[in-house]
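Heads up, the thing below is written out as C-alpha cells.
Note that the coordinates shown come from a computational prediction; the quantities given were computed from them, not determined experimentally. In listed order, ligands and their atoms are each counted from 1. Reckoned from all heavy atoms, side chains included, excluding hydrogens, waters and symmetry mates.
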Amino acid sequence: MNKPIIALDFSSKEQVEEFLALFGEPLFVKVGMELFYQEGPELVRMIKSKGHQIFLDLKLHDIPNTVESAMRGLAKLGVDLTNVHAAGGVEMMKAAKKGLAGSTTQLIAVTQLTSTDETQMHEDQLIYVSLEESVLHYAKQAKRAGLDGVVCSVLESSAIARDCGEAFLKVTPGIRIAGAAADDQKRVATPKAAKEQGSTHIVVGRAITKAQDPVAAYSQIKNEWSGR
Ligand SMILES: O=c1ccn([C@@H]2O[C@H](COP(=O)(O)O)[C@@H](O)[C@H]2O)c(=O)[nH]1
C-alpha cells in the first residue's frame, strides 16, 4: 500500500522543515507550484536528502519541445513522480516521457482537475461529454503515450482501472475526512472510498497541514487508507 502523499503547500523552506520535523518517519510528499516557484530545486534536494519520496507536481503544459527539455532538467532531480497536463496532447506527453529517459521518475498526466465539476467543464472548456468520459479519454491518451498513470478523482478510479488496468497509477487528490469542508475541491472522497474504488495513491494537503495535530491527522488518514 503506497503511503498517503502529503501536499506540502507551504511558501518557504523554513515552514517545510518545521513541518517535516514533526514526523519521525519517511514520508511521501508532494512539492507543488507554490513551493517550487519560491524555493526551487534546492528544496527538492533537501527533502530527498532526508529520505522522503517526492511527487513533483508542476503540471507541465506547453509545446512538445519545451516540455521535453524541461523534463530533461527535472530528471536530474531524481524525484519519484512528476506530471504533465493530458490536455497538452499525446505528442506532448510522449515528449515529456522522452525527456525523462534514463531516470527512474514515473510520469503521470492530470486529466480533469479535482476542482472542476461537469458544469464548469462544459462552460469553461466547451467539452460537452460527461466528466467521467472526459477523464477516461485523457487516461486512455496518457496510456497510449506510454505514461505510468494519471491524476484523477476517486470518483473515476474504478472506471480507469477497468479501461487502463489496475497497475496504471490513479493518483487521487480531493481527499477529505467524512463531513469535512470541500474548500475549493468539487470531486471529493474519503480515504476509505479511495481504497474501495481502486486509487493507487491519495494526495492530502489541508486535512493534514492545517490540522491542529498534523501527525495525528496523518495517522488517521493512513489507517483509513490502509484499511486498519
Ligand atoms: O486535480 C488536482 C491536481 C492536483 N491537486 C493538488 O493536490 C493538493 C490537494 O490539496 P488539498 O488541500 O488536500 O485540497 C493541492 O496541492 C493541489 O494542488 C488537486 O487538488 N487536484
Atom pair CG (L155) and CZ (R187), whose distance is rounded to the nearest 0.5 Å: 6.5 Å
Parallel, tilted or perpendicular: rings of Y128 and H122 (30°, 60°): tilted
Partners meeting ring pair (Phe, Tyr, Trp, His ring centres under 6.0 Å) with F19 (sequence neighbours left out): F10, F23
Residue pairs passing the salt bridge (charged side-chain N to carboxylate O under 4.0 Å, His left out) test where at least one lies in residues 43-56, sequence neighbours excluded: E42-R45
Evaluation steps, side-chain contact (heavy atoms from CB on, under 4.5 Å), between V31 and V16: CA-CA 10 Å; V31 173; V16 172; over 6 Å; no
Please tabulate, one line per pair, the protein nitrogen or oxygen atoms found under 3.5 angstrom from a nitrogen or oxygen of ligand 1, with distances to 0.1 Å, or say none if there are no such pairs.
from: ligand 1; atom 1: 1 (O); to: T114; atom 2: N; distance (Å): 2.9
from: ligand 1; atom 1: 12 (O); to: R206; atom 2: N; distance (Å): 2.8
from: ligand 1; atom 1: 12 (O); to: R206; atom 2: NE; distance (Å): 2.7
from: ligand 1; atom 1: 13 (O); to: R176; atom 2: NH1; distance (Å): 3.3
from: ligand 1; atom 1: 13 (O); to: G205; atom 2: N; distance (Å): 2.8
from: ligand 1; atom 1: 14 (O); to: R176; atom 2: NH1; distance (Å): 3.3
from: ligand 1; atom 1: 14 (O); to: R176; atom 2: NH2; distance (Å): 3.0
from: ligand 1; atom 1: 14 (O); to: Q185; atom 2: NE2; distance (Å): 2.9
from: ligand 1; atom 1: 14 (O); to: R206; atom 2: NH2; distance (Å): 2.9
from: ligand 1; atom 1: 16 (O); to: D9; atom 2: OD1; distance (Å): 3.3
from: ligand 1; atom 1: 16 (O); to: D9; atom 2: OD2; distance (Å): 2.7
from: ligand 1; atom 1: 16 (O); to: K30; atom 2: NZ; distance (Å): 2.8
from: ligand 1; atom 1: 20 (O); to: T114; atom 2: OG1; distance (Å): 3.4
from: ligand 1; atom 1: 20 (O); to: Q185; atom 2: NE2; distance (Å): 2.8
from: ligand 1; atom 1: 21 (N); to: T114; atom 2: OG1; distance (Å): 2.7

In a table with atom names and distances, give each donor-acceptor pair under 3.5 Å that connects a side chain of residues 92-103 to protein atoms at least two apart or in another chain.
from: K97; atom 1: NZ; to: G146; atom 2: O; distance (Å): 3.3
from: S103; atom 1: OG; to: L100; atom 2: O; distance (Å): 2.8
from: S103; atom 1: OG; to: T105; atom 2: N; distance (Å): 3.3

